[in-house]
Trainee: 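After the structure tokens below, expect a handful of questions from me.
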Amino acid sequence: MRKRALNWTPWVTSMLIIWASGESRAQASTYFARFTVGSYISDENFSANADGTTRNSFATVSSRAYMRVSELGSNNYEVIADIRDTHDFFEKFDAERLELNSQNSLQVKQLNIRTATLFNNTFGVLGRFPIPEAGAVSADGAQIGYRLDPASNIGFFGGLNPQRIDQTISKWNPDAQNFGMYYRFQPQFDSWYESLVGSAALVMQRVQKNTDRFYFYGNFYRQWKSRNSVIAMGYLDFVPSVKIQTAYISHGRILAPNWYGNIALSAIDVIEYSRRRGVLERLAPSNYLESALRFEQKNSENFALKYNLIYGVRISDHYSRIEGSIGGNLTNFASNHLSFQSLLGYRKNFTSTDEFIHSTLSYISRKWESDLDVEYGFRKQSTGALNHPLITEASYSNYLSKALYGTVSAQYALNEDVRIISAFFKLGYRFGSDDVAPLRDGSPPAGGRL
């Protein structure tokens with residue numbers, strides 16, 4: 001009989017948490033906690049039979065408990081716990097009955113203890129923790145870092161990999177490991193509008209003693225004055241092959257007193273493409289390259305014109321996308337809580353040509369806010385078929401109190417081939433020793449993206 005590997009990380013971390021808490025009984029500590037529960041449901045109905053059915057349904061219920069306790073003990077330990085649970089009603093495939101059954105997934109996303117003053121200029125983390133300086137990666141193990149100066153530090157981490165590339169939740173994976181190092185810098189400036197932060201990392205991921213992935217990760221953000229910035233982020237893989245997995249670079253700046261411009265270049269892989277594609281798109285996911293050019297002309301404090309030009313190409317089949325649009329953003333009309341944005345555009349959309357109008361009406365107050373988002377268009381497919389896609393989304397959020405808040409959203413999308421109805425809701429409760437930041441009581445200035 002095979003012996004099951006013992007999941008030691010939560011046990012060791014829990015014992016250290018108890019020890020640090022006991023050491024801090026005579027000292028004041030700060031804490032923050034957040035509990036959320038939510039659900040997402042979707043129902044798709046196709047006019048033509050696909051895979052033996054004209055219907056596809058999706059329904060989940062999820063919950064999350066997050067807690068952070070700081071300033072524990074003489075070394076100012078910090079403890080973070082993040083527990084999540086998801087119940088998917090159509091997750092598990094029953095081969096005998098040829099149907100999907102429900103499946104529940106409980107995961108420990110984080111459970112760690114850390115300190116910024118381990119000894120001298122070193123800091124450390126132990127348990128299950130993310131490493132944002134090294135990209136989207138976590139570890140069941142330890143991290144130790146050293147502050148080179150007040151503006152920069154280096155870190156080394158290693159342990160088991162709780163979420164392999166083929167997994168959607170964090171698990172105990174005794175056959176998978178993560179190792180890496182990073183460098184992070186964040187100098188301080190006198191100006192409120194000026195900032196610089198960045199990191200660079202090398203990460204190796206192994207599965208069953210074989211190198212599954214070896215990559216370089218870089219992240220850079222620089223801002224000077226107001227709305228003048230450079231943003232860059234990317235993953236360069238060396239194993240299993242040399243390639244850019246994901247990359248993004250953007251530069252925005254004030255061109256004239258009333259003009260703002262932004263240029264952005266991006267490259268994404270198949271997984272990220274499947275997350276971003278439109279709700280009515282039916283093409284198989286593909287690696288994708290895109291460039292975008294945007295201008296904003298602020299005519300007054302409450303009104304701005306927008307001009308957008310986008311070009312993208314799919315790598316798998318070389319289908320291209322060209323989109324041009326013009327619109328406006330109007331705020332504080334009829335009430336200082338109201339804002340309205342609208343875009344009129346033309347899109348050569350891979351296998352079709354589209355003419356569309358996209359509008360958003362928003363109401364923002366201190367206790368609640370709502371949005372109504374509508375896109376309607378004329379789509380001519382490469383086969384000659386004419387569709388009229390309509391995508392409507394309404395959302396409502398309410399701060400019932402400083403501690404209790406909730407949001408609900410519904411979406412209705414259809415054309416001549418498919419109808420999709422989906423809904424989402426979330427209810428959250430938070431508390432802590434620090435007060436909640438004040439909320440905006442009115443619509444923001446003209447600008448932003450649509």
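Both backbone and side-chain heavy atoms feed into the values below; hydrogens, waters and symmetry mates do not.
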Trainee: Taking the six-membered ring for Trp, are F216 and F214 ring centroids under 6.0 Å apart?
Mentor: no
Trainee: side-chain hydrogen bond (donor to acceptor under 3.5 Å, both in side chains) with Y288: which residues, sequence neighbours excluded?
Mentor: E290
Trainee: Could you go through the side chain to side chain contact (heavy atoms under 4.5 Å, CB included) check for Y217 and E133 one step at a time?
Mentor: CA-CA 8 Å; Y217 170 79; E133 297 88 352; over 6 Å; no
Trainee: Looking only at atom types and distance, does a side-chain atom of D149 sit under 3.5 Å from a main-chain N or O of A151, one as donor and one as acceptor?
Mentor: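 Pair found, side chain donor or acceptor close to backbone of A151.
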Trainee: Has the side chain of Q381 got a donor or acceptor atom that lies under 3.5 Å from a matching backbone atom of L386?
Mentor: no
Trainee: Under 4.0 Å between a side-chain nitrogen and a carboxylate oxygen: does that hold for R84 and D82?
Mentor: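 Answer for the salt bridge query: yes.
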Trainee: Under 3.5 Å, side chain of N178 to main-chain N/O of G158, donor-acceptor pair present?
Mentor: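 Flag not set: sc N178 to bb G158 has no pair under 3.5 Å.
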Trainee: Give the minimum heavy-atom separation between Q163 and S170, together with the two atoms involved.
Mentor: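 Where Q163 meets S170 most closely, the heavy atoms are OE1-OG, 3.5 Å.
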Trainee: Compute whether any side-chain donor of one residue and acceptor of the other, for D88 and Q103, lie under 3.5 angstrom apart.
Mentor: no
Trainee: Using atom types as modelled and distance alone, determine if a side-chain donor or acceptor of N120 lies under 3.5 Å from a backbone N or O of T122.
Mentor: no
Trainee: Please confirm whether the backbone N or O of V230 pairs with a side-chain atom of H251, one donor and one acceptor, at under 3.5 Å?
Mentor: no
Trainee: Salt bridge or not for E281 and R275, using N-O below 4.0 Å?
Mentor: no
Trainee: side-chain hydrogen bond (donor to acceptor under 3.5 Å, both in side chains), that's the test. Do S397 and T407 meet it? Break it down for me.
Mentor: CA-CA 4 Å; S397 301; T407 182; 2.9 Å; yes
Trainee: Carefully, step by step, assess K209 and Q177 under the rule side-chain hydrogen bond (donor to acceptor under 3.5 Å, both in side chains).
Mentor: CA-CA 9 Å; K209 299 181 180 180; Q177 301 86 33; over 6 Å; no
Trainee: Can you give me the closest heavy-atom contact between L126 and A142, atom names plus distance?
Mentor: CD1-CB, 3.9 Å
Trainee: Evaluate the side chain to side chain contact (heavy atoms under 4.5 Å, CB included) criterion for residues Y183 and S152: first the C-alpha distance (whole Å), next the side-chain angles of each, then the deciding distance (0.1 Å), finally the verdict.
Mentor: CA-CA 7 Å; Y183 169 72; S152 64; 3.5 Å; yes
Trainee: Taking atom types as modelled and ignoring hydrogens, do the side chains of S70 and E78 form a donor-acceptor contact shorter than 3.5 angstrom?
Mentor: yes
Trainee: Please assess R64 against Q107 for the test side-chain hydrogen bond (donor to acceptor under 3.5 Å, both in side chains), listing each intermediate value before the final yes or no.
Mentor: CA-CA 10 Å; R64 180 186 183 188; Q107 64 171 320; over 6 Å; no
Trainee: When you compare the side chains of E393 and S409, does any donor N or O come within less than 3.5 Å of an acceptor on the partner?
Mentor: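 Indeed, the side chains of E393 and S409 share at least one donor-acceptor pair under 3.5 Å.
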Trainee: Keeping the roles fixed (side chain from N387, backbone from P389), state whether a donor-acceptor pair exists under 3.5 Å.
Mentor: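 Checking the backbone N and O of P389 against the side chain of N387, no donor-acceptor pair under 3.5 Å is found.
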Trainee: Would you say the side-chain atoms of D85 and N104 include a donor-acceptor pair closer than 3.5 Å?
Mentor: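 The answer is yes; a qualifying pair exists.
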Trainee: Check whether the side chains of S250 and N262 place a donor and an acceptor atom closer than 3.5 Å, and report yes or no.
Mentor: yes
Trainee: Test your reading of the model: is there a side-chain donor-acceptor pair from S352 to the backbone of R379, 3.5 Å cut-off?
Mentor: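 No; zero donor-acceptor contacts below 3.5 Å.
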Trainee: Using a distance-only test with no angle check, is there a side-chain donor-acceptor pair under 3.5 angstrom linking T86 and S62?
Mentor: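 No donor-acceptor contact under 3.5 Å links the two side chains.
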Trainee: Please determine if R184 forms a cation-pi arrangement with F123, meaning its NZ or CZ atom is less than 6.0 Å from the six-membered ring centre and no more than 45° off the ring axis.
Mentor: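 Not satisfied by the 6.0 Å and 45° rule.
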Trainee: Verify the ring-centre separation between Y40 and F58: is it less than 6.0 angstrom?
Mentor: yes
Trainee: Would you please indicate if the ring centroids of Y363 and W368 are separated by under 6.0 Å?
Mentor: yes
Trainee: So does D140 pair up with R128, basic N to acidic O under 4.0 Å?
Mentor: yes
Trainee: How about N112 and Q110: does a side-chain donor come under 3.5 Å of a side-chain acceptor?
Mentor: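 Distance-only check passes for N112 and Q110.
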Trainee: How far apart are the C-alpha atoms of Y405 and T36, what are their side-chain angles, what is the distance that settles it, and do they pass the side chain to side chain contact (heavy atoms under 4.5 Å, CB included) test?
Mentor: CA-CA 9 Å; Y405 58 94; T36 58; 3.7 Å; yes
Trainee: Check whether the ring centres of Y235 and Y215 lie less than 6.0 Å apart, and answer yes or no.
Mentor: yes
Trainee: Are Y221 and N219 linked by a side-chain donor-acceptor pair shorter than 3.5 Å?
Mentor: no
Trainee: Can you list the steps and then say if D354 with N349 is a side chain to side chain contact (heavy atoms under 4.5 Å, CB included)?
Mentor: CA-CA 7 Å; D354 307 344; N349 195 24; 3.4 Å; yes
Trainee: Any chance the side chains of N302 and N332 put a donor and an acceptor closer than 3.5 Å?
Mentor: yes
Trainee: Could you tell me whether a side-chain N or O of D417 sits under 3.5 Å from a main-chain N or O of N415, the two making a donor and an acceptor?
Mentor: no
Trainee: How about E296 and Y307: does a side-chain donor come under 3.5 Å of a side-chain acceptor?
Mentor: no
Trainee: Salt-bridged, K380 to E416, with N to O below 4.0 Å?
Mentor: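 No.
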Trainee: What is the ring orientation for F185 with F220, classed by angle as parallel under 30°, tilted 30 to 60°, or perpendicular over 60°?
Mentor: tilted
Trainee: Counting the benzene-type ring for Trp, do F356 and H358 have ring centres under 6.0 Å apart?
Mentor: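 Not close enough - the centres of the two rings lie 6.0 Å or further apart.
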Trainee: Looking only at non-hydrogen atoms, find the nearest pair between L265 and S291 and report the distance.
Mentor: CD2-CB, 3.4 Å
Trainee: Taking the six-membered ring of Y319 (Phe, Tyr or Trp), confirm whether the NZ or CZ of R314 is under 6.0 Å from its centre and within 45° of its axis.
Mentor: no
Trainee: May I ask you to check whether Y182 and Q143 show a side-chain donor-acceptor distance below 3.5 Å?
Mentor: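 Checked: Y182/Q143 side chains pair up, N/O donor to acceptor below 3.5 Å.
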Trainee: Indicate whether any N or O donor in one side chain lies under 3.5 Å from an N or O acceptor in the other, for S362 and D371.
Mentor: yes
Trainee: Please check this pair: side chain of Q167 against backbone of R164, looking for a donor-acceptor N/O pair closer than 3.5 Å.
Mentor: yes
Trainee: Taking the side chain as every heavy atom from C-beta outward, state whether S342 and I357 have any pair of such atoms under 4.5 Å apart.
Mentor: yes
Trainee: Would you check if there is a donor-acceptor pair between the side chains of D43 and N45 at a distance under 3.5 Å?
Mentor: yes
Trainee: Without swapping roles, check the side chain of T211 against the backbone of R213 for a donor-acceptor pair under 3.5 Å.
Mentor: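 No, because the side chain of T211 does not come within donor-acceptor range (under 3.5 Å) of the backbone of R213.
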Trainee: Are K348 and E323 ion-paired here, with the side-chain N under 4.0 Å from a carboxylate O?
Mentor: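 Between E323 and K348 there is no salt bridge, as every charged N stays at least 4.0 Å from the carboxylate O atoms.
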